[in-house]
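To start, the structure under review is shown below, and the notes come after it.
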Amino acid sequence: MMTKRVREILSYYDSENAGVRTNLARFLNHGRLAGSGKLVILPVDQGFEHGPARSFAVNPPAYSPLYHFQLAIDAGCSGYAAPLGFLEAGAAEFAGELPLILKLNNHDLLLDERDPISAVTGSVGDALRLGCAAVGFTIYPGSAERREMYEQLREIAEEAKQCGLAVVVWSYPRGSGLSKEGETALDVVAYAAQIAAQLGANIVKVKLPTSHLEQPEAKKVYEAQRVPLEPLAERVRHVVQSCFDGRRIVIFSGGPKEDDATLLEEVAAIKAGGGFGSIIGRNSFQRPKPAAIALLNKIMDIYAG
Amino acid sequence: MMTKRVREILSYYDSENAGVRTNLARFLNHGRLAGSGKLVILPVDQGFEHGPARSFAVNPPAYSPLYHFQLAIDAGCSGYAAPLGFLEAGAAEFAGELPLILKLNNHDLLLDERDPISAVTGSVGDALRLGCAAVGFTIYPGSAERREMYEQLREIAEEAKQCGLAVVVWSYPRGSGLSKEGETALDVVAYAAQIAAQLGANIVKVKLPTSHLEQPEAKKVYEAQRVPLEPLAERVRHVVQSCFDGRRIVIFSGGPKEDDATLLEEVAAIKAGGGFGSIIGRNSFQRPKPAAIALLNKIMDIYAG
Amino acid sequence: MMTKRVREILSYYDSENAGVRTNLARFLNHGRLAGSGKLVILPVDQGFEHGPARSFAVNPPAYSPLYHFQLAIDAGCSGYAAPLGFLEAGAAEFAGELPLILKLNNHDLLLDERDPISAVTGSVGDALRLGCAAVGFTIYPGSAERREMYEQLREIAEEAKQCGLAVVVWSYPRGSGLSKEGETALDVVAYAAQIAAQLGANIVKVKLPTSHLEQPEAKKVYEAQRVPLEPLAERVRHVVQSCFDGRRIVIFSGGPKEDDATLLEEVAAIKAGGGFGSIIGRNSFQRPKPAAIALLNKIMDIYAG
Amino acid sequence: MMTKRVREILSYYDSENAGVRTNLARFLNHGRLAGSGKLVILPVDQGFEHGPARSFAVNPPAYSPLYHFQLAIDAGCSGYAAPLGFLEAGAAEFAGELPLILKLNNHDLLLDERDPISAVTGSVGDALRLGCAAVGFTIYPGSAERREMYEQLREIAEEAKQCGLAVVVWSYPRGSGLSKEGETALDVVAYAAQIAAQLGANIVKVKLPTSHLEQPEAKKVYEAQRVPLEPLAERVRHVVQSCFDGRRIVIFSGGPKEDDATLLEEVAAIKAGGGFGSIIGRNSFQRPKPAAIALLNKIMDIYAG
Amino acid sequence: MMTKRVREILSYYDSENAGVRTNLARFLNHGRLAGSGKLVILPVDQGFEHGPARSFAVNPPAYSPLYHFQLAIDAGCSGYAAPLGFLEAGAAEFAGELPLILKLNNHDLLLDERDPISAVTGSVGDALRLGCAAVGFTIYPGSAERREMYEQLREIAEEAKQCGLAVVVWSYPRGSGLSKEGETALDVVAYAAQIAAQLGANIVKVKLPTSHLEQPEAKKVYEAQRVPLEPLAERVRHVVQSCFDGRRIVIFSGGPKEDDATLLEEVAAIKAGGGFGSIIGRNSFQRPKPAAIALLNKIMDIYAG
C-alpha cells in the first residue's frame, strides 16, 4: 500500500513516465524503511574503484558477489548498487528479491589523474537484461573532463528513462578546478547536487558537506544571505534546498569506515536536515555480516524513528 | 487573432515548416505582449551556470522550480527557458500554461577555462516529451571550442526544426580570441548575432553592446562608413540590422542585477532601436515575487507603449 | 535547348547519376551565360566569414538576405551561394528563380588560428529542403586540420550525390604547411585544385595563382619541364590542366575588392587560359546595385565574347 | 556428457544467455581436459604483437596459419586464439574441429609508447562469420588509455554476448601508472583480474603474479590482513579469489619461453591455487611440433591429475 | 578457364565469400598475365600524393584521367588503382574493360608530418557505384597514428568483404617509430606485411626491402636463426613467408623512377623469391605511352617466363 509520503515524493516526478515512477516506488517501498520516504542503499563498487584486497581482504566472504546481495536483503536495505560484473554474477540467483542499481561507469586507481573521468562500463541494455530498477552514474564536477561526463550522463539518462529505469547520479566534486578541501565544501557540494538535478537525476547522491566555502563569489553570497553553516543538519538542509527545494531525492554517503557513533550522529543530522537517506558501503561490508546488519538496522531505526 | 505585425514577423520565416512557425507564433501571441511583435522571456539557468546559492539564496522561494513557472505566468511573460531538471520538475504541473524553451546546453563554474564550451545537457526528444515550444542553445564565438559548438547547434537545430520546434540561440562572445571588453564590443556583438542567424537561429539572444570596437579590421570599416556608436538605441539598431536587416527576431539580455532605472532605460533603447524584446533573469527572480512582477510589467509597458 | 559545349561538359561527369548531371546543367543553362559553358556565380558568405559590418556597411541594403537573391537574378548570374541562414531567409520567396548552392561549412574571424578549419554549418538535408542545386564546401589544404576537412567533404559529397546534388569545393591553401605567399603560389593552387577534383568535386573553386613556386620539389619539376609561369592565362591553363586536363569545371575567385580594370583583365586571362568562369562576391555586393550589375555584365560579356 | 564440475562452473554464469553458456561449455568440454573444469588454450598473436621473424623464425613451419590449428588439435588443447588474418586463413579448412577465439584487438612494436592501447582489428561479426566460440580482447590497466579500452571492451562484450559468444579478456597491467616491476605485482594483477571480471569477462587471463606489492595503500592492507605472498600457489589463490571468489574462470599465461621444469612447476602451482588453466603460446609453437605436443601433454597431465 | 595455380591461390581465401573470391579471380585472370598467378598493377595516386605537376608534367597527356585507363588496358595490366576523382572521371567510359581498385585513403604533401596518416577519401559505396573489383587502403606502421589507420581499415575491410569486394592494403612503414633507413629494413617490411595480412588484407603491397635490420630485438633473431639477408630474392622470400607462408598475395612496388635495368633485375628477384607481382606507377606513366607499354611488357615477360 502506498503511503502518503511516498505518494508525495512520486508526485515530484510527474513529468516522468509510469515506468520510472514505478521503479522509484520500488526503492521507496522496499526493505525496512518501506513507505517512510527514506532510503538506505548498499553500494559495492569498491572492488573496481579501490581494488579487491583493499575492499574485501578485511572480510573475505565479501570477495563473493553473492555475499552483497544477501547482505542487502538480510539488512532490509532499500536497494543494492554495483558494477556490471558483480550484478551479472548474482542477478539471476537473486532475481526479484531487491531493487538493483547497475553502476554504468567506474574508475580505477591504477593510474592517478588530476582530472578524473570514469569509464562507461555498462549499458542501459545491460540494466534491463539484469532486471535492474535503476542505472547509476558518477560525475566529477570540477574535473576538466566534466563536459564529457555530463554528456554521457545525458545520453544514458534519456535512454534509461525511455526504458522506464530510474536514474541515480553520484555527484562527487573533484579535479583541477577544486582544492582538496573544496571537494566537500558546502558551496561546492550544493552546486554539485544542483548540477545532478538539472541533468535529470531522479536520485542524487553526494558526500556530507563540511562548513568550508570554496568559491569566493559564492562565499560572498553565503555571508551576505547568512546561509547557516552549522550544525551539520543545516548544511544538509541547504543541500536538500539546492536539490530543487526538496523535490528531488538526495541521499548522502558515509565515506571511509569511521567509528559508529560518528556515523550514527551523521545519520541523525541527515534526518534532521530533511535528507532522504544514506548510502552505506565500506561501513557495512568491511565488517562481519552480523555486525553490518546490526549497524544498518541502527541507521534505519534513526530514519524510521 | 493574428495581428499584422506578428503575421509580418512570421513571414520572415517562410522557409520553415508549419510546426516551427506555429511555435514562433506561440511566443509572439502569449502573455501581456501578445500580438505586439515584442517578447519578454524569463530564463532561469543560473542554478547550473552560477550555482544554487549565488542564484537563489537572496530569494529562497526561487530554489523551487515551480516558483519560476508561476512567476512567468503571473508576470505575463512571453515564455520561460530553463535546463532539463528545472523543466522536468514543473512541465507536467504547468502543462499548456506558457511556451517553454528547453536549454539544451549548460556550463558550470566549478572549473575556469579560457575557452569555454557548454555541455549538451538535454535533447530535442526531451523538449518534445516536456511539451516545449522551442529549444535553446548557447554558443561562445571567440572560444577555441566554437567549431564544436556551432556543429552541435547545427545538428540540434536541424533535428528540432524537423520536429517543428523553434530554435533560440544565446550568442555570447567569449574565449581566447577576445579581450574582456571585447566580449560586449559593438562589432563583436553584431558579428555574434550574424553568426547565430547564419547558423539558422529563429530567435537570437545577445547582450547589449557597448560602444567599444574590438577588431582592428572591423574598426576601420565602422569609422569609414560612420556607423553610429551612440546612443545605445543606435547600437541596438546596428545589431538588428546585422540580424538579416531585421528579418530575424533578436532579443537582449539584462545581465547582472542592476538598478531598475538603468534597466528601464535600456529597455527603452532596445525598443527605440527596433529590438524585439528582452530576456530578464536575475533582475526578476532575485527579488521578491511582487517586486519582480512590478518590474516586468514596467518593462512590458515600455514595449507595449 | 542543350548546347554542344554544355553537352560536352556534362559528358565529363558520366559516372554521376542523372540527378547530379541535371543540377550541373541547371547552372550551365541559367542566366546570361546559359549554354556557353561559362559560369559567373555570386557568393555571399562574408557575413559569417568576415562579420556583417565589414561585409555590408559600405552598401547597407546588402544586410538583407533578400538583396543578394535579387542581385544575382537581376545580373543574370549562373547561381548564388550562401550559408544556411541567408538561404533560409529567402529560399521560399525566390523559390525556383535561380540555382542555389548551400555553403555547408563556414569560418569566422573572432579567433585567429594558424591551422584553420571551418565549422560544418548545414547539411545535405538542409540543401534539399531549401531547393538547392548544389552544396558547397571549403577545404584548406596545408592546414594541420586538412584530414578532418577532407573526410567531412567525402561524407557530405557521397550523401549529396546520392541525393542528386552537385558538389562545389572551395579549395583554399592555408595553414602551417605554407608561407603566406605560398597560399597563392602556382604549384600550390594547382595542387589544391587537383586535391579537390580527386575528392570528387564537380566544380572546383580556387584563387587566381601568382607565379611564385612554393615547394622545392615541385619547383624543380616546373623548371625542368619548363611549365610557363607567365602570363596569367598560362597559369590558369596549368590549373585547368591540373583539374583532370579540363574535365572538371574550375572557376576562379576575385578576392578583395579591387579596381575594375584589373578585375576585367583577370577575367580575360581566365577565359584565355580555358577557365570555366568566376565567382564574384565582394566586387559585386560591396557597391550599389546598378554598379554591381554593370560590372557583372561586363564580366559576362567577356566570357560570352 | 556434462560433468558435475562443468555444470557447476556454468552455474556461475546463470545471468548469461544460453548461447554464451553453450560456447563456454564448448571450451570446457573440448580436448584432453574435457570435463575437468580446466583449460589449456593455444594463443598465437605474436606475429602481430612481436613481428613474424621474432615469432616464427625459430620454427619456420609456424609461419603458416594452418600449422597452429593443427597443433592445437593434435595436442588436445581446449581452444585456439588468434587475430583476424590467422583465423581467416584456416577457419574454413578446420571448421568445427576446435573452439576458436578471435582476438579483437592487437598491438605492434613498430612504435614504443609509454601508455599503450591496442587497435581494434576485428569485429563480433567477423567472429560469427568465422565460426568462433568467443571473442578475445586485451586491456592494459595502468595505461592512460585504459578508459578507451574499457569502453571498447564494454561495447564489444555487450554485442558478443547478445550473439551468444563468450568473452575472454587479456588483462595486462601496463603504462605510466605502474613501474615495470609493478606490472606483475600481486596487488596489481589481482586488481587487473577484478577489473576484467567487473567489466563482464567470462574468462579472465592474467600473468602469474610475483610477490611484489606495488601500491602503498594496497600494501598496507595486504600486510594488515596478512594476505600470504608465498608460495606461488597462494598468490594464484588470491587472484582466483579476486575473480569473484572463484566464480569467474581465470587462466594464466606462460610468458616468454622458459625452461620446461619451471613452466611445469608453475602449472602445478596454478592447479594447487585453484586456477582454471593455462594459455601457452611461445612455449608451444616456438619448438618443433612433437616437442610442443609433448610439453602440452605434460601440462594437461598435471591439470588432469 | 581457371588455371591450377589460380585455383590454388583462390583456395587460400576459402574463408571469404564467393564475391571476394570472384573479384580476386578477376585480377588473376585479366591482362597479359592472366592465369599465371602473377599480377602487374598500375597505380596512379601521385596527383594527390605528390601534386599534379610533379606527377604529370613530364608526360602531359597523363594529366587526363582517361590516359591511365587506356595505358593499363593497352599494356595488359592486371588492374588499375586510383583515388575517387580519377576513377569517377573514367569509370563509366571504361566500364567493364579492366578490374579497378578504388584507393580509399590518400595523403598530400602540403604539410609535412612526422607521423603521417592518410585521409579517408572514398567509401565502399563509391567503389560499388564505380564498378570496382577491390578497395585499396594505405597504412603506415610505425606512425603514432597507426592505431586509427588500422581501425579505419578494419571497418572498411569488413564492409568491403560483405559487399564482395577484395581488399588491397598498401603497408608502408613510416613515422616516429622508425629511422628513415628503417622504413625499408627487412625486419620492418616483413613485420608490416604480417600486420596487413593479420588485418585481413587479401592482397598486400609493400616496398622491396633492403638488407638493413632496424629493431634490435628482431636483429638478434635474424642473426640467431641465420635468416638470409642476401640476395634480394631471399629477402622477397622472407616477406612472402611473413605473409602467412605464401598464403596471401603479396606484391612489390617499384618506388621512384629508376633505370630500367635495375627495375627489371628487381622484378626477376621478386619472381625468384616467390613474390606475386609488381605495382608500377611512376616508372610507367612518367614516360611516353609506347615506352611505358614496352617496359611493362618486359616486366610481364619476366613474370610469365
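Note that these values count all heavy atoms, side chains included, but never hydrogens, waters or copies made by symmetry. Here is the naming used below: chain letters follow the sequence lines, and residue numbers restart at 1 for every chain.
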Among the listed options D/D45, D/L109, D/N106, the residue most often paired with chain E at heavy-atom distances under 4.5 Å: D/L109
D/E93 portion near chain E, given a 4.5 angstrom heavy-atom threshold: both
Pairs of heavy atoms under 4.5 Å with chain E: top-ranked of D/G131, D/A92, D/G90: D/A92
Ring centres under 6.0 angstrom apart (E/Y222, E/H238): yes
Proximal component of E/Q194, with respect to chain D [non-hydrogen, under 4.5 Å]: side chain
E/V206 versus E/A193, closest heavy-atom pair with distance: CG1-CB, 4.1 Å
Pairing of D/E151 and D/R154 as salt bridge, 4.0 angstrom limit: no
Ionic contact status for D/E88 with D/R129, cut-off 4.0 Å: yes
Which portion of E/S11 sits near chain D, non-hydrogen atoms under 4.5 angstrom: neither
Plane angle bin for D/H68 and D/F56 - parallel if under 30°, tilted between 30 and 60°, otherwise perpendicular: tilted
Under 4.5 Å from a heavy atom of chain D, the part of E/A197 involved: backbone
Under 4.5 Å from any heavy atom of chain D - which part of E/Q198: both
Salt bridge present between D/E183 and D/K180 (N-O < 4.0 angstrom): yes
Side chain, backbone, both or neither of E/F244 within contact of chain D (heavy atoms, under 4.5 Å): both
Pick from E/L186, E/V188, E/V221 with the largest number of heavy-atom pairs that fall under 4.5 Å of chain D: E/V221
Heavy-atom contact with chain E under 4.5 Å, split by part of D/D126: both
Greatest number of heavy atom pairs closer than 4.5 Å to chain E - which of D/G122, D/P61, D/A95: D/G122
Residue selection (most heavy-atom pairs with chain D, distance under 4.5 Å) from E/R146, E/R247, E/Q215, E/E16: E/R146
Residues D/E158 and D/K161 bridged, charged N to O under 4.0 Å: no
Salt bridge E/K219-E/D187, side-chain N to carboxylate O under 4.0 Å: no
Nearest-0.5 Å distance, CG of residue D/L111 to CG of residue E/D115: 6.5 Å
Lys NZ or Arg CZ of E/K207 over E/Y172 ring: under 6.0 Å, within 45°: yes
Heavy-atom contact with chain E under 4.5 Å, split by part of D/S118: backbone
Aromatic E/Y13 / basic E/R248 pairing, under 6.0 angstrom, 45° off normal: yes
Heavy-atom proximity to chain E below 4.5 Å, by part of D/L84: both
Among the listed options D/A91, D/P60, D/S123, D/G125, the residue most often paired with chain E at heavy-atom distances under 4.5 Å: D/S123
Per-residue contact mode, D/Q152 against chain E (heavy atom under 4.5 angstrom): side chain
Side chain / backbone / both / neither for E/A144 at chain D, heavy atoms under 4.5 Å: both
